[in-house]
Amino acid sequence: MMESASSRPSLADFILLLGRLLLSLIFLHEGTTLAVDLPATIETFEKLGLSAPVALATIALQIGAGLSVAAGFLCRLGALALALFCLATALLFHANFESQNELLHFEKDLAIAGGMFVLAAVGAGSISIDHLLKRRADSMHPLFRAVL
């Protein structure tokens, strides 16, 4: 079967894929780093007044939503979760604006949240698992179809 020119990915689709991969990289790296040395991660979280379940949830969010965004599978949900995570991180842990380093981290978290909100609005694009699933949308539950 011959593919029409309109069904082939455009330059914008490749740029969207690149953006998804770059945005997800920081979360996949950080989540994996936290998971590799779990005792140290839990100790660090406890020093911040956070429990071990919060540490585990953070790891699961970063890796799970990071993979979601990278693969373009339930990308809107993954991007929204990471956007909210970045906003919370900025406000809770990087709000000491007297420190230039903290201000930089605050701004970085806001910038990443902005990118994730844009991704949540536009979706994963045609080079994604979501796009493949949308092609079979007629046989899906309406809630799942709405998330795509």
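Along the sequence shown, residues are numbered consecutively beginning with 1.
For the pair Ile59/Leu38, a side-chain contact is recorded, criterion being any heavy-atom separation below 4.5 Å from C-beta on. The shortest side-chain heavy-atom distance between Ile63 and Thr32 falls under the 4.5 Å cut-off. With a 4.5 Å cut-off on side-chain heavy atoms, Leu77 and Ser68 do not count as touching.
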* For the pair Thr58 and Thr41, evaluate side chain to side chain contact (heavy atoms under 4.5 Å, CB included) and give the outcome as yes or no after the intermediate values. => CA-CA 10 Å; Thr58 298; Thr41 296; over 6 Å; no
* After noting the C-alpha distance and the side-chain angles of Leu80 and Leu84, does the key distance pass the side chain to side chain contact (heavy atoms under 4.5 Å, CB included) rule? -> CA-CA 6 Å; Leu80 182 60; Leu84 295 173; 4.3 Å; yes
* Starting from the C-alpha separation in whole Å, work towards a yes-or-no answer on side chain to side chain contact (heavy atoms under 4.5 Å, CB included) for Leu17 and Asp13. => CA-CA 6 Å; Leu17 171 63; Asp13 294 314; over 6 Å; no
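Interatomic distance, Glu107 CD to Leu103 CG, rounded to the nearest 0.5 Å: 4.0 Å. Expressed to the nearest 0.5 Å, how far CG of Leu82 lies from CD of Gln62 amounts to 8.0 Å. For the atom pair CG (Leu18) and CG (Leu23), the distance works out to 9.5 Å, reported to the nearest 0.5 Å. Rounded to the nearest 0.5 Å, atoms CG (Leu22) and CD1 (Ile26) are 11.0 Å apart. Ser128 OG to Lys134 NZ: the interatomic distance, rounded to the nearest 0.5 Å, is 7.0 Å. With values rounded to the nearest 0.5 angstrom, Cys86 atom SG is found 12.5 Å from His105 atom NE2.
The minimum heavy-atom distance between Glu102 and Asn96, with the atom names listed, is CB-O, 3.3 Å. A pairwise comparison of heavy atoms in Cys75 and Gly72 identifies CB-CA, 3.9 Å as the closest pair. Taking all atoms of both residues into account, the shortest heavy-atom contact from Ala79 to Val69 is N-CG2, 3.7 Å.
Each of Leu91 and Ile112 belongs to its own hydrophobic cluster when Ile, Leu, Val, Met, Phe, Trp and Tyr are linked at side-chain heavy-atom distances under 4.5 angstrom. In the hydrophobic clustering of ILVMFWY residues, with side-chain heavy atoms under 4.5 Å counting as a link, Leu21 and Ile127 come out together. When the side chains of ILVMFWY residues are joined at heavy-atom separations under 4.5 Å, either directly or via intervening members, Leu28 and Leu34 end up in a single hydrophobic cluster. The hydrophobic clustering, which links ILVMFWY residues whose side-chain heavy atoms are closer than 4.5 Å, places Leu119 and Phe73 apart. At a threshold of 4.5 Å between side-chain heavy atoms, the hydrophobic network of Ile, Leu, Val, Met, Phe, Trp and Tyr places Val54 and Leu92 in one connected group.
The number of heavy-atom neighbours closer than 6.0 Å to CG of Leu110, taken from other residues, nucleotides and ligands shown, is above 12.
Classification of the Phe85-Phe27 ring pair by plane angle, with boundaries at 30° and 60°, yields perpendicular.
With sequence neighbours excluded, no residue satisfies salt bridge (Lys or Arg N to Asp or Glu O under 4.0 Å) with Glu46.
Although no hydrogens or angles enter the test, the distance criterion places no donor-acceptor pair under 3.5 Å between the side chain of Asp130 and the main chain of Gly123.
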